[in-house]
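Data first, discussion second: the structure below is written as structure tokens.
Note that this is a predicted model, so its numbers are computed, not measured. A note on names: the letters A, B, ... follow the listed sequences, proteins ahead of strands, and every chain is numbered from 1.
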Amino acid sequence: MTYYYDTMLAEYIKNPGQRGLGLDALADKKFNYEMISYSDISEKKKLSFEEVDLQKAAIYSGEDVYMTYKLYKEQQANPYITNSSVLDSMELPLLKVLSDMEQTGIKIDRDILKGIWLRLEQAISELQKEIHDIAGVEFNINSPKQVGEILFESLWLPSSKKTKTWYSVNAEVLDWLKSEYPIAEKIVTYRHYSKLQSTYIQWLLEVATDEDRIHTSYNQIITSTGRLSSNSPNLQNIPTGNDIAWEIRTAFIPDADEDYLMAFDYSQVEVRLLAIMSGDENLLDAFKQGKDIHQVTGEFIFKTKDISGKQRQFAKAVNFWVIYGISPFGLSKMIDVTQKDAKVYIDAFYENYPKVREFFDDVILWCKRNSFVETMFARRRYIPSINDANKMIQKWAEREAINMPIQWTNADIIKLAMIQVVKMLEDGNYKSTMLLQVHDELVFNIKADEKDELEVKIPYIMENILNNAPIELKVDGAIWKNWKETK
DNA sequence: TAGGATTGCAA
DNA sequence: TATTGCAATCCTA
């Protein structure tokens, strides 16, 4: 067993959310030592490393090694780092898992992407013509400034919002206009198609390898929420829409014709975690009895067993937003009801899940005393602004404190699941591989003869990450010949 | 050419 | 007056 370590990961678990976790920054911060920069030895950054003068390269490299060691020693003297299992049992094993996923990549079908590209191109040029006709002048539809000029100073449509510098012309504004002014709707559609074409189709085709595979990079230490991020390309924001956007996912295909793509995603993890962590009986009972949690909350809020589809939607939003400590104002904006109604919904939620309120109050109190909050796995996040003199800042910090234990535990759970699932695949000598992580979803390439076993084993591991929890986590799975949307 | 501003995609 | 992050495009400095 090879031992490996990462000073950046250690620094991240100590204080997530901070910038400057690189060797240069840490050497400067901790030892007041200025590292030799690469441009110093490479003459205007033009030289690749093998071209650098050997003497200089040796000193540069030696310094890197020495500083890494010095930093390692410094970190190992920190009891939080050495006592926490988060680094050893979570982040470091995950590092290897992510590295393997990056190298594996996922296969795409270029022809499908090219086909979508052409159809988008056609639609975009038609829309462009129609928009220019209505405007009576040619302009750049991609330029918010020019769109604002045309809509509000040439066609004199009623303007609503402003940005810092100009009329706002975002989707919210255009949606408001589109029932009366067809140009607004056409611009919305134009933008939608341009977005798909340039940000997704174009970009995916550019970064795909000669073997038609896409290799994203995961960043393990960037977020302040414990999540991973993905870039070059970002495979965590591939569209899920139900129009042509949906077809982009059909271009993600298995390694071989006879293989399958399988996706498993955690369902309502955060509400389930809220139930577990708060210990609220009503919430726990609903899950134990396998009830539809949005229905249950809806029945509480609207005081009837017979709630409408719309009421269920409201209840769903309340279940979701309460975890973020949302205010009546925020909720009213989000689901388009009056502030008064929003307050009634939120109050009803707390009234019927009383231990949730207690749990949140306890978290805030704990945070005020200790300046940090923790996940179920004792991962810490410092929130010193919880004691800020400014009430606004304090309230903000309180929402952060409420949300952190749940959101970060959620992130921790899927990290552990990834490690355990990969271990199972390795121990069982399976040929199937884990390809992607999209926050609460894992995507696999599954060999045909392993399908029956793995479609049981993988979700079983995911659902049983928490030992001794009063309720199970729930995982939905789906098997495809491509990566289509589940919802 | 760099970077701020605006916009929009996901969870 | 949820959050986080990645990326495209325009356009000014």
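- Contacts between residues 311-343 of chain A and DNA chain B, counted as heavy-atom distances below 4.0 Å, involve no residue at all.
- Considering only residues two or more places apart in sequence or on other chains, A:D133 meets the salt bridge (Lys or Arg N to Asp or Glu O under 4.0 Å) condition with A:K129.
- At C:dG5, none of the side-chain N or O atoms of A:T223 fall inside 4.0 Å of OP1 or OP2 (strictly under the cut-off).
- Straight-line distance from the CZ atom of A:R249 to the C1' atom of B:dC9: 11 Å, rounded to whole Å.
- The nucleotide whose nearest atom lies closest to any side-chain atom of A:T225 is, among C:dG5, B:dA11, C:dT4, C:dT4.
- For A:H294, the side chain to side chain contact (heavy atoms under 4.5 Å, CB included) test picks out A:Q268, A:D292, A:R312, A:K316, A:N319, with sequence neighbours left out.
- Close to B:dT7, at under 4.0 Å from its OP1 or OP2, lies no side-chain N or O of A:R191.
- Side-chain contact between A:Y324 and A:R399 is absent, with no heavy atoms from C-beta onward closer than 4.5 Å.
- Remark: C1' of C:dA2 and CE of A:M404 are 17 Å apart, rounded to the nearest angstrom.
- Heavy-atom distances to DNA chain C give each of A:N231 and A:S224 a nearest nucleotide, and the one nearer the 5′ end belongs to A:S224.
- Residues forming a salt bridge (Lys or Arg N to Asp or Glu O under 4.0 Å) with A:D341 (at least two apart in sequence, or on another chain): none.
- Remark: C1' of B:dT7 and CG of A:L151 are 15 Å apart, rounded to the nearest angstrom.
- Within 4.0 Å of A:A245, counting heavy atoms only, lies no atom of the nucleic acid at all.
- For A:E398 and C:dA2, the CD to C1' distance is 15 Å, given to the nearest whole Å.
- Applying the 3.5 Å distance criterion, the base of B:dC9 shares a donor-acceptor pair with the side chain of A:N237.
- Looking only at atom types and distance, the side chain of A:Y382 has a donor-acceptor partner in the side chain of A:R380 under 3.5 Å away.
- Between A:Y345 and A:Y350, the gap from one ring centroid to the other reaches at least 6.0 Å.
- The side chain to side chain contact (heavy atoms under 4.5 Å, CB included) search around A:E398 returns A:I364, A:K368, A:I386, A:Q394, A:K395, not counting sequence neighbours.
- Atom P of nucleotide C:dT4 and atom OH of A:Y12 are separated by 12 Å, given to the nearest angstrom.
- Applying the salt bridge (Lys or Arg N to Asp or Glu O under 4.0 Å) test to A:K161 and every residue at least two apart in sequence or in another chain returns A:E172.
- Listed nucleotides: B:dT7, B:dA11, C:dC6. Nearest to the side chain of A:S229: C:dC6.
- Remark: the A:Q236 side chain and the A:Q437 side chain contain an N/O donor-acceptor pair separated by less than 3.5 Å.
- Looking at DNA chain C, the stems built from 3 or more consecutive Watson-Crick or G-U wobble pairs, each pair with its key distances under 3.5 Å, are B:1-11 with C:3-13.
- Between C:dT4 and A:H439, no contact under 4.0 Å exists linking OP1 or OP2 to a side-chain N or O.
- Residues passing the salt bridge (Lys or Arg N to Asp or Glu O under 4.0 Å) test with A:D476, sequence neighbours excluded: A:K474.
- The nearest whole Å value for the distance from the CD1 atom in A:I393 to the C1' atom in C:dT1 is 15 Å.
- Near-neighbour residues of DNA chain B inside residues 193-217 of chain A, defined by a heavy atom below 4.0 Å, number-ordered: A:K195, A:Y200.
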I'd like a table of donor-acceptor pairs (distance under 3.5 Å, sequence neighbours excluded) in which one partner is a side-chain atom from residues 143-151 of chain A, with atom names and distances.
{"from": "A:S143", "atom 1": "OG", "to": "A:K145", "atom 2": "N", "distance (Å)": "3.4"}
{"from": "A:S143", "atom 1": "OG", "to": "A:Q146", "atom 2": "N", "distance (Å)": "3.1"}
{"from": "A:Q146", "atom 1": "OE1", "to": "A:N140", "atom 2": "N", "distance (Å)": "2.8"}

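- For A:N219 and B:dA11, the CG to P distance is 20 Å, given to the nearest whole Å.
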Please enumerate all protein N or O atoms sitting under 3.5 Å from an N or O of nucleotides 11-13 of chain C, with distances to 0.1 Å.
{"from": "C:dC11", "atom 1": "OP1", "to": "A:S143", "atom 2": "OG", "distance (Å)": "2.5"}
{"from": "C:dC11", "atom 1": "OP1", "to": "A:Q146", "atom 2": "NE2", "distance (Å)": "3.4"}

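- Remark: the separation of the C1' atoms in B:dA5 and C:dA2 is 22 Å, to the nearest Å.
- Side chains of A:Q122 and A:E126: a donor on one and an acceptor on the other come within 3.5 Å.
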Carefully, step by step, assess A:S217 and A:E102 under the rule side-chain contact (heavy atoms from CB on, under 4.5 Å). CA-CA 6 Å; A:S217 295; A:E102 290 181 0; 4.1 Å; yes
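- Contacts of A:E247 classified as side-chain hydrogen bond (donor to acceptor under 3.5 Å, both in side chains), with partners at least two apart in sequence or in another chain: A:R119.
- A:I406 places its CD1 atom 17 Å from the P atom of C:dA2, with the value rounded to the nearest Å.
- Annotation: A:Y353 is in aromatic contact with A:F349 [ring centroid separation under 6.0 Å].
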